[in-house]
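The residues of the chain are indexed from 1 along the displayed sequence.
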Amino acid sequence: MTSAAQISPVFTAFFRQMRHHRLYTTINIAGLALGLATCLTFGLIVRYEFTFDRWLTDAGDIYRLDAINASDGKPAEIADAPFRVYDALRTAFPEITHATRIRPDGISIITPDDIHSSNALYVDPDFFATLPYPLIRGDAATALSAPNSIVLSEERAQAYFHTVDVVGRRLSVDHDGRKADLTVTGVLGPVPGNTTLRPDMLIPIDSAMLASPAFMEWGIEGGYLFFRLRSPSDARHMQNAMVQFSNDNVPTRVREKGELRDWRVRELPSVHFLDGTLGASDASRSGVIMLGLIGVLALLSALINTINLSTARGLLRAREVAMRKTLGATRSDLIVQFMGEAMLLVLCAAIPALALIEIAIPTVNALGGWEVVIPYSLLLPALLGLTVVVGLMAGAYPALWLSSYQPAKVLAASRMATMGRLGAIVRLGLVVMQFGFAIGLSASSMVILRQSNFVRDMDRGFESSGLAFIPFIDNVGPAATQLALMDAFRSIPGVTTVSSLYTMPGGFGFSAADYFFPVNAPDRRPHLEWQDVGRDYFRLFRLHLIAGRLFDDAHGEDDQQKGDGTHSVIIDVSSARALGYATPEAALGQTIRKDTGQTSWQVIGVVNNVRLGSARWENVPSIYFYSSKPKHFASAGIRFENRSKQDVKTALQAIWRQRAPGLAFRALLATDLLSNDYRDDEQRGELLAIGAGVAIFIAVMGMYALASFTVARRMLEVGIRKTLGATTGRVLALLLGQFLRPVVGAGLIGCALAWMAMRNWLSGFEARITLSPLYFASVFVAALLVAALTVLFQTLRVARAEPARALRAE
């Protein structure tokens with residue numbers, strides 16, 4: 001048991017070391033503070049990501065039903081499910097205690113001040129019994145029971161009524177042209193940031209919606225379907241019965257197309273990272289694990305510094321140890337002393353580490369889009385526990401090594417004690433590990449940032465600047481009203497082109513795909529994305545005509561809404577190739593059909609390929625049909641020049657309010673829509689760069705202190721070498737070589753590991769950079785340069801010292 005007599009020398013020796021070796025102490029405390037702060041900051045992020053939805057009561061009993069489609073021959077899970085399955089599911093599986101459909105949709109909120117665009121979740125009355133979100137106003141049991149009710153988030157209640165006491169108040173809404181006055185029946189309480197569904201408002205599904213195709217057809221995914229079970233065994237039973245459930249309930253024609261052959265019963269806490277793999281979100285399990293690993297390695301780097309510096313400085317304390325042993329101190333006394341010193345050192349670092357966490361969390365939240373809140377009830381015990389563990393690890397090796405000195409040998413020796421070959425190997429290995437981590441992380445962050453820059457600047461086949469969109473203009477009324485609205489947009493100064501379309505950049509809007517085949521080669525059936533486009537669509541996106549001609553109102557057969565014969569179609573280069581045509585010119589005049597109908601189209605033109613979706617997705621070939629009148633789900637595209645985007649938005653909004661006074665205005669810029677494709681990776685790269693910067697700073701501090709000690713210890717050797725004729729350059733090369741050799745080894749190891757990791761990461765992109773060795777070589781050279789500059793002053797001072805001075809100092 002440790003006594004007061006053993007503890008007292010710990011404080012005395014610790015404060016003496018702090019007073020006499022300020023550089024050593026400052027570097028150790030700074031490194032440990034950075035390491036602890038990085039580890040705990042990234043640890044909070046990992047905790048945030050891995051506890052998604054777990055705050056909900058009995059979250060493990062809540063499940064989501066995902067559909068499995070295999071229309072392209074490969075099973076593909078999607079997070080949505082057709083709402084037609086709802087009644088059949090509850091009938092087939094009585095173990096479901098509660099269930100709700102959830103249909104996200106955009107609506108307009110009409111207030112006396114303005115018309116606001118908002119996102120609503122249309123749900124079943126069983127919503128709160130299935131997903132127990134908290135209410136700060138209203139009764140969860142009855143809040144959604146009335147057909148004309150609405151539950152608002154606290155933020156929306158404040159925005160619309162400037163108070164949360166809104167139960168019983170009326171709110172006018174417009175959904176797809178249907179206006180209604182809804183009664184507020186509840187206000188949602190605060191929802192943690194790590195929640196999959198964060199509703200602005202909840203509205204009961206009404207009778208008109210129940211009669212829509214999304215609720216009546218098996219082949220249309222309407223949204224999410226959540227349900228609650230009693231036990232995990234119920235979930236396993238459901239999963240095992242799903243194929244038979246499809247055979248019994250899904251129409252044969254749907255299953256023959258490869259749709260809804262199977263289902264997946266997914267536990268709610270698992271869907272966060274699952275959606276990342278399904279393309280429904282940007283969540284990345286591997287990315288979060290990488291951040292956690294960076295935090296651990298940053299702390300390990302600081303720990304390596306402490307161990308290396310403790311053992312290095314311990315060489316100077318050999319005589320102190322020998323004297324204490326001679327005066328009666330036991331080995332256990334010395335172990336307690338050195339372990340206690342290490343513990344106090346880490347404890348001193350814990351205080352600034354806490355301040356660094358406070359500073360870092362807002363920045364990290366902004367970079368990663370998180371809402372991490374510092375839970376002090378968890379953080380303080382974790383910091384204390386980590387302090388103890390790190391203190392024990394930092395002090396164990398130096399304590400055991402220093403306490404093993406034999407007093408007689410140390411006191412009889414004329415020179416400073418050494419660590420021996422084993423000690424040198426251990427220290428070398430620690431330095432290699434430390435710099436290897438820093439170099440590998442730096443190279444990885446460079447590749448990620450380079451890829452995000454590539455995605456931001458790559459040629460997508462169209463010009464994104466000066467391009468704006470107003471989604472789903474079909475809400476304003478019939479086709480004639482939509483055309484009049486677009487004509488009014490054309491009159492705005494600076495607007496050059498206006499057209500209707502389905503799919504906006506970034507994958508926003510409506511999209512559709514089907515199998516097409518040439519009539520002269522019916523066995524070739526590629527999967528092509530298609531959309532109905534309006535007049536001037538190709539001018540709007542500034543696409544290039546490769547062969548043939550564009551749509552023209554002078555050719556009646558171009559318009560899908562005129563006549564019943566063979567209409568015209570324009571395809572892109574990839575579609576021409578997928579349909580089997582050797583050249584774009586060879587596709588002209590050819591007739592194609594859709595797999596699901598008898599309508600024929602004649603190819604009149606071929607345009608360049610366009611990437612509207614993510615760089616991660618395979619770019620599906622596109623095919624375009626012309627409609628003189630906008631169809632359902634159409635959006636408007638507006639191109640403008642020589643005018644600021646804010647001025648254009650203001651002018652568009654003024655016309656919108658004149659012609660669609662009951663609908664909220666929403667304009668989206670193509671550049672903003674495309675930013676979603678690279679922003680998350682850019683933020684991850686910046687976080688990795690921060691972690692790399694911390695690791696390099698810690699490693700450099702450790703190398704500086706180690707160099708300061710080592711060159712002082714080799715003064716005699718330098719003096720002898722110079723007396724025997726060695727030049728300053730040769731001595732400098734010798735000393736620099738000693739310090740840079742482990743950095744070279746670390747660079748080779750770190751770059752090799754980073755190469756493998758980045759090759760695997762880049763494989764997730766369909767459009768990506770070439771993994772050039774230059775990225776890794778540049779980081780390698782930069783690390784060598786930084787390491788060389790770090791120790792250059794110390795080594796140069798010794799190398800230039802006069803031999804007599806060096807020998808006299810020894």
Centroid-centroid distance, Phe538 to Tyr624, less than 6.0 Å: yes
Lys/Arg-Asp/Glu bridge criterion (N-O < 4.0 Å) met for Asp681, Arg679: no
Closest non-hydrogen atom pair between Ser108 and Ala664, with its separation: OG-N, 2.9 Å
Take atom CD in Glu766; do more than 12 heavy atoms of anything else shown fall under 6.0 Å from it? yes
Between Arg535 and Tyr626, what is the shortest heavy-atom contact and its length? N-CE1, 3.4 Å
Partner residues of Tyr224 under the ring pair (Phe, Tyr, Trp, His ring centres under 6.0 Å) criterion, sequence neighbours left out: none
On a heavy-atom basis, the closest approach of Leu550 and Asp558 is O-OD2, 4.2 Å
For salt bridge (charged side-chain N to carboxylate O under 4.0 Å, His left out), just list the numbers for Asp536 and Arg639, CA-CA rounded to whole Å, side-chain angles, deciding distance to a tenth of an Å, and then say yes or no. CA-CA 11 Å; Asp536 295 331; Arg639 179 166 291 283; over 6 Å; no
Grab the two heavy atoms, one from Ser575 and one from Asp572, that are nearest each other, plus how far apart they are. N-OD1, 2.7 Å
Mind checking whether Phe510 and His632 have ring centres under 6.0 Å apart? no
Against the six-membered ring of Phe765, is Arg616 placed for a cation-pi contact (under 6.0 Å from the centre, within 45° of the normal)? yes
Minimum heavy-atom separation for Gly548 and Leu588, please, with both atom names. N-CD1, 3.6 Å
